[in-house]
Amino acid sequence: MTDARIYLSPPDVSDLERKLLLQAFDSNWVAPVGPDLDAFEERVAELVGVRHAVALSSGTAALHLALIAAGVRRGDTVLVPSFTFAATANAVAYLGARPVFVDSTPESWNVDPALVAEELRVRAERGELPRAVIAVDMYGQCADYDPLLTACDRYGVPLIEDAAEALGATYQGRAAGSFGLAGVLSFNGNKIITTGGGGMLVTDDSRMAQQARHLATQAREPVPHYEHRSVGYNYRLSNLLAAVGRGQLIRLEQMIAARRETFEFYRAQLSDLEFMPIAGYGVPNYWLTCALAADGAQRDRILAELNGRDIEARPAWKPMHLQPVFADCVARGGEVSADLFGRGVCLPSGSALTAHDRERVVEAVRSVQKG
């Protein structure tokens, strides 16, 4: 019997999600809002430890609205990690602002707080402070928020936490998504939990939450007729998708445990690879297990071997300062993130991986290392 394809991070859904989805369907609370959406928001807010959660159509939508609430406008600059998915920088560009890319630290692969502090100092001296700083929790591990918040507070620059990959992770005992002016979560199909597509803005700021809800529903004014005093967006999550999310949340700890088991198995079996370091300041959710090969050529051979065995794997993120679309943007540093991209590989990490699946991955990687 031929082995099935192994995907990088596929959805992991069960009868529980199906039951909740059908209950929502049968209740006729289909869209746009309903009791499942309210319950989903309340549970996420409780889990993250914030007062407000606004369920949206994507994590990118949440980041877009967070930047609007932070006051980002055309012509502004925003500090953004270079080592991230394009959506982080794209949301800045939506507003006509310009990202300034900051390199990572090899100790966690997250944005380097010292470089952020230095960039803020230099820009303060020039009278050109950025409108905001975005920190990204890479591959499910929180950025180092104590020094980041200290630097941002010193210059009065708001910090936004892109925790799209990190639901369930913690920093110094605090949940991912709870830092700065607002946090952003993603429920895309490949994330630790999924609603098929979706995201959430989480914050303690009542005004920000109210503004996000208003803008996410086409900025319709509370009058009997359709009246709009500002441009809004169609960004709300549907009640049906929220029902799926409720079921996923119930299983979150189980799925984190499964991904951690995969990480520990790969690290034990593939000791020649340099796995992403786990920083001592927190606990990740192990969303993706990523490692560095000896060099780019070996990384490419590993990817080719895995693909040849019907196993999905990918390179680490290509840094934003190396992306053609952002070629004219300023970058501070870049050598660390360029090396992570040049040697990094993301291995299959789904929470439904079987022991046999993991063995297939290890066997494929070992065949390259022996070759």
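In this text the structure is predicted, and so the values were computed from the model without any measurement.
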Can you pull out every side chain to side chain donor-acceptor pair (under 3.5 Å) where at least one residue sits in residues 242-256? Sequence neighbours excluded, please. D12-R251, E17-Q248, E17-R251, D36-R246

Test salt bridge (Lys or Arg N to Asp or Glu O under 4.0 Å) applied to R98 and E128, step by step: CA-CA 13 Å; R98 292 180 64 78; E128 299 175 354; over 6 Å; no

Distance alone, cut at 3.5 Å: any donor-acceptor contact between the side chains of R259 and S9? yes

Per-pair distances, 0.1 Å, donor-acceptor, side chain in residues 218-226, under 3.5 Å, sequence neighbours excluded:
unit_1, atom_1, unit_2, atom_2, d
H225, NE2, E227, OE1, 2.8

R74, CZ atom: more than 12 neighbouring heavy atoms under 6.0 Å: no

Does the side chain of L67 reach to within under 4.5 Å of the side chain of V92, using non-hydrogen atoms? yes

Give, for atom CE of M276 and atom OH of Y139, the distance between the pair rounded to the nearest 0.5 Å. 8.5 Å

Is the backbone N or O of G198 less than 3.5 Å from a side-chain atom of S57, with the two atoms forming a donor-acceptor pair by type? no

Test: D112 and R332 ion pair at under 4.0 Å: no

Measuring only between side-chain heavy atoms, which start at C-beta, is Y235 closer than 4.5 Å to V54? no

Do the side chains of L65 and I68 get nearer than 4.5 Å, heavy atoms only? yes

From L240 atom CG to Q23 atom CD, the distance as rounded to the nearest 0.5 Å: 12.0 Å

Enumerate, atom names and distances included, each donor-acceptor pair closer than 3.5 Å involving a side-chain atom of residues 313-321, sequence neighbours excluded.
unit_1, atom_1, unit_2, atom_2, d
R314, NE, E312, OE2, 3.3
R314, NH2, E312, OE2, 2.9
H321, ND1, S82, OG, 2.6

Looking at side-chain heavy atoms only, is the closest gap between L306 and V368 below 4.5 Å? no

Heavy atoms of other groups near Y7 OH, more than 12 under 6.0 Å: no

Does the pair R366/E363 count as a salt bridge with the N-to-O cut at 4.0 Å? no

Between the side chains of T354 and D357, does any donor sit under 3.5 Å from an acceptor? yes

Among H214, H64, H228, the one residue meeting ring-ring contact (aromatic ring centres under 6.0 Å, His included) with Y233: H64

Under 4.5 Å between any side-chain heavy atoms of Y281 and D144, yes or no? yes

Does the gap between the ring centers of F326 and F101 come in under 6.0 Å? yes

Apply salt bridge (Lys or Arg N to Asp or Glu O under 4.0 Å) to residues E46 and R43 and explain how you reach the verdict. CA-CA 5 Å; E46 179 184 7; R43 181 67 186 102; 3.6 Å; yes

Here's a test for you: under side chain to side chain contact (heavy atoms under 4.5 Å, CB included), which of L79, T105, D103, L120 qualifies with L115? D103

Please check if atom CZ in F25 has more than 12 non-hydrogen atoms from other residues, nucleotides or ligands closer than 6.0 Å. no

Step through the shown structure and confirm whether more than 12 heavy atoms of other residues, nucleotides or ligands are within 6.0 Å of CZ on R5. yes

At what distance, to the nearest 0.5 angstrom, does CG of L347 lie from OG1 of T262? 10.0 Å

Ring centres under 6.0 Å, that's the criterion: do F187 and F40 meet it? yes

With heavy-atom distances below 4.5 Å as the criterion, would you say the side chains of Y286 and I278 are in contact? yes

Using a distance-only test with no angle check, is there a side-chain donor-acceptor pair under 3.5 angstrom linking Y145 and D137? yes

Are any side-chain N or O atoms of D76 and backbone N or O atoms of A97, one a donor and one an acceptor, separated by less than 3.5 Å? no

So, do E165 and Q141 sit near enough that their side-chain heavy atoms are less than 4.5 Å apart? no

Nearest-0.5 Å distance that lies between atom OG in S351 and atom CD1 in I256: 10.0 Å

Do K19 and D15 pass the salt bridge (Lys or Arg N to Asp or Glu O under 4.0 Å) test, and can you show the C-alpha distance, the side-chain angles, and the key distance before you say yes or no? CA-CA 6 Å; K19 175 183 177 182; D15 288 341; over 6 Å; no

First locate atom CG of L63, then atom CG of L185, and finally report the distance between them rounded to the nearest 0.5 Å. 11.5 Å

Roughly how far, to the nearest 0.5 Å, is the CZ atom of R131 from the OG1 atom of T77? 9.0 Å

Flag the pair E305 and R301 as a salt bridge only when some basic side-chain nitrogen lies within less than 4.0 angstrom of an acidic carboxylate oxygen. no

